[in-house]
Amino acid sequence: RSNSRKSLGLSKPDQRFHQTSTQGPESPRFCLPACSPRRPACFRLSRTETVVVSENEKVRVPRHVAIIMDGNGRWARERGLARVEGHAEGARAVRDAVETAARIGVEYLTLYAFSVANWARPRGEVEALMRLLVDFAKKERSELRSLGIRVNVIGALEDLPTGTRHAVEDLIRYTADGEKMTLTLALSYGGRQDIVEAARALAVRARAGLVLPEEIDESFFHREMTTRTLPDVDLLIRTGGESRLSDFLLYEAAYAELVFLPIMWPDFKPTTLLESVELFSRKERRFGRTSDQVVRGEAAAFDPLDPAE
């Protein structure tokens with residue numbers, strides 16, 4: 001296997017990421033920083049991979065991770081394949097990301113599956129993406145429910161073709177009792193559009209006398225958005241070598257830690273997510289305060305959006 005830091009595009013290896021074999025070369029264990037062999041907490045990633053977290057020095061896992069899954073088409077082109085084959089391979093990476101996030105304790109995982117701008121792509125590619133979404137909804141439903149994962153959607157679900165929409169709606173109902181993690185699919189989604197439609201809804205209510213201007217604050221506004229059930233994003237990851245948000249969770253990612261990766265989405269592996277979480281864990285999240293204030297435990301001037309509170 002290649003050095004784990006290379007997949008992040010970093011030149012120097014970090015010895016805190018390492019592998020130890022306990023069941024032979026076919027079953028490696030991937031360890032998070034400063035992992036000790038004493039009483040480790042283990043999370044099964046797949047049949048052959050386990051993440052080991054030290055009991056003495058645990059990694060801070062972000063509550064809400066969002067991912068822009070970019071690079072499927074370029075991955076296929078580099079291999080002389082049709083773009084749709086890149087999307088199909090990207091579906092494997094989705095499975096890895098979802099299962100890994102659930103295993104390590106991420107509460108919310110949001111995936112940019114299909115943007116409102118993606119409708120401008122060639123018709124054949126759009127139809128292929130809709131078929132892949134149906135396949136995901138039908139083939140992964142049992143595994144998602146067994147892992148305690150509840151599926152949610154943000155964006156304009158009504159824009160999807162009838163068959164695709166029904167498959168997604170069935171998946172939402174089938175996994176509704178999941179309590180371990182919420183998997184949110186952004187479908188026909190645009191951050192600006194979500195903000196504009198929330199503002200329009202508030203304007204209609206204000207004109208009808210149902211809300212006063214002084215009642216509107218950040219939390220009040222957020223309740224009008226399709227992301228109303230999601231807390232602020234803690235960690236936002238983008239593959240594909242680009243360094244932009246592309247209209248994804250603009251309101252919710254205001255204080256997110258950003259990780260931009262040079263790899264294409266089909267090359268995203270369980271260890272890629274673990275490395276990104278480790279980078280997040282080393283960040284000092286100040287929310288406007290100084291480092292000294294953070295150390296002293298002083299409260300921030302505002303509370304991050306959290307619909308659960």
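Heavy-atom basis, side chains included; hydrogens, waters and symmetry copies ignored.
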Quick check: does any side chain N or O of Asp234 sit under 3.5 Å from a backbone N or O of Ala256, one acting as donor and the other as acceptor? no
Pair Ile237-Leu261, side-chain contact (heavy atoms from CB on, under 4.5 Å): steps then yes or no: CA-CA 7 Å; Ile237 303 167; Leu261 304 178; 3.8 Å; yes
Taking the side chain as everything from C-beta on, heavy atoms only, tell me whether Ile195 gets closer than 4.5 Å to Met225. yes
Using side-chain contact (heavy atoms from CB on, under 4.5 Å), reason through Thr110 and Val233 one step at a time and then give a plain yes or no. CA-CA 9 Å; Thr110 301; Val233 177; over 6 Å; no
If you draw a 6.0 Å radius around CG in Asp217, do more than 12 non-hydrogen atoms from other residues or ligands fall strictly inside? yes
Closest non-hydrogen atom pair, Ala88 against Leu132: N-CD1, 3.9 Å
Which heavy atom of Gly163 sits nearest to which heavy atom of Val134, and what is that distance? O-CG2, 4.3 Å
Checking the side chain of Asp170 only, and the main-chain atoms of Ala167 only, is there a donor and an acceptor separated by less than 3.5 Å? no
Are the side chain of Ser281 and the backbone N or O of Arg60 linked by a donor-acceptor pair below 3.5 Å? yes
Looking at every heavy atom in both Val61 and Val277, which two are closest together, and how far apart are they? CA-CG1, 4.3 Å
Check for a donor-acceptor pair, side chain of Asp247 on one end and backbone N or O of Gly191 on the other, with a separation under 3.5 Å. yes
With a 4.5 Å limit on heavy-atom distance, are the side chains of Val126 and Asn118 in contact? no
Are Val196 and Leu250 in one and the same hydrophobic cluster, where Ile, Leu, Val, Met, Phe, Trp and Tyr link if side-chain heavy atoms are under 4.5 Å apart? no
Does this structure show an ion pair linking Glu99 with Arg103, if we count only N-O contacts that are shorter than 4.0 Å? yes
Could you work out, with side-chain hydrogen bond (donor to acceptor under 3.5 Å, both in side chains) as the rule, every residue matching Thr227, not counting sequence neighbours? His222, Glu252
I need the Leu202 CG to Arg223 CZ distance, nearest 0.5 Å. 9.5 Å
Hey, quick one: are Leu245 and Leu249 part of the same hydrophobic cluster, counting side-chain heavy atoms closer than 4.5 Å, chains of contacts allowed? yes
Going by the angle between their ring planes, with limits at 30° and 60°, are Phe248 and Tyr189 parallel, tilted or perpendicular? perpendicular
Is there a side-chain contact between Leu109 and Ile149 in this structure, where contact means two heavy atoms from C-beta onward sitting under 4.5 Å apart? no
For the pair Thr272 (side chain) and Phe268 (backbone), establish whether a donor and an acceptor sit closer than 3.5 Å, ignoring hydrogens and angles. no
If you define the side chain from C-beta out and look only at heavy atoms, does anything of Val168 sit under 4.5 Å from Val153? yes
How far does CG of Asp70 sit from OG of Ser246, to the nearest 0.5 angstrom? 7.0 Å
Dump the intermediate steps for salt bridge (charged side-chain N to carboxylate O under 4.0 Å, His left out) on Arg74 and Glu78, then the final yes or no. CA-CA 6 Å; Arg74 281 170 288 162; Glu78 290 169 0; over 6 Å; no
Heavy atoms only: give me the nearest Ser188-Gln193 pair and the separation to one decimal. O-NE2, 4.1 Å
So CZ of Phe221 and CD of Glu215: to nearest 0.5 Å the spacing works out to 15.0 Å
What pairs of residues pass the salt bridge (charged side-chain N to carboxylate O under 4.0 Å, His left out) test when at least one of them lies in residues 183-198, not counting sequence neighbours? none
Would you indicate whether the side-chain heavy atoms of Trp75 and Ile263 approach each other to under 4.5 Å? no
Is the charged tip of Arg63 near the ring of Tyr108: under 6.0 Å from the six-membered ring centre and within 45° of its axis? no
Salt bridge (charged side-chain N to carboxylate O under 4.0 Å, His left out) contacts in which one or both residues fall within residues 149-161, not counting sequence neighbours: none
Ala82 and Ala76 have their tightest heavy-atom pair at O-CB, 3.3 Å
Test item: Leu171 and Thr175 side chains (from C-beta on) under 4.5 Å apart, heavy atoms: yes
Using side-chain heavy atoms (C-beta onward) and a distance below 4.5 Å, is Phe114 in contact with Leu185? no
Same cluster or not: are Leu183 and Leu157 linked, directly or through other Ile, Leu, Val, Met, Phe, Trp or Tyr residues, by side-chain heavy atoms under 4.5 angstrom apart? yes
Between Thr182 and Glu107, is any pair of side-chain heavy atoms under 4.5 Å apart? no
Indicate whether the side chain of Ser243 and that of Arg238 have a donor and an acceptor atom separated by less than 3.5 Å. no
As an exercise, state the distance from CG of Asn72 to OG1 of Thr239, rounded to the nearest 0.5 Å. 7.5 Å
I'd like to know if Val106 and Leu144 are part of one continuous hydrophobic network [Ile/Leu/Val/Met/Phe/Trp/Tyr, side-chain heavy atoms within less than 4.5 Å]. yes
If a pair satisfies side-chain hydrogen bond (donor to acceptor under 3.5 Å, both in side chains) and one of its residues is in residues 123-134, list it, with sequence neighbours excluded. Arg83-Glu125, His87-Glu125, Arg121-Glu125, Arg123-Glu127
Nearest atoms (heavy-atom pairs only) where Gly90 meets Trp265: O-NE1, 3.0 Å
Using the ring pair (Phe, Tyr, Trp, His ring centres under 6.0 Å) criterion, which residues pair with Phe136? Sequence neighbours excluded. none
Has the side chain of Thr100 got a donor or acceptor atom that lies under 3.5 Å from a matching backbone atom of Asp96? yes
What distance do Arg165 atom CZ and Met130 atom CE have between them, rounded to the nearest 0.5 Å? 12.0 Å
Here the gap from Leu279 atom CG to Leu235 atom CG, rounded to the nearest 0.5 Å, amounts to 8.5 Å
Just to verify, which of Glu143, Glu140, Lys139 counts as forming a side-chain contact (heavy atoms from CB on, under 4.5 Å) with Arg95? Glu140
For the hydrophobic clusters of this structure (ILVMFWY residues joined by side-chain heavy atoms under 4.5 Å, transitively), does one cluster hold both Leu133 and Val84? no
Leu236 vs Val259, side-chain contact (heavy atoms from CB on, under 4.5 Å): CA-CA, chis, key distance, verdict: CA-CA 6 Å; Leu236 191 149; Val259 175; over 6 Å; no
Check: Tyr251 side chain, Glu218 main-chain N or O, donor-acceptor pair, under 3.5 Å: yes
Donor-acceptor contact present, side-chain Arg92 to main-chain Pro266, <3.5 Å: yes
Residue pairs fulfilling side-chain hydrogen bond (donor to acceptor under 3.5 Å, both in side chains) with at least one residue in residues 202-214, sequence neighbours excluded: Arg205-Glu224
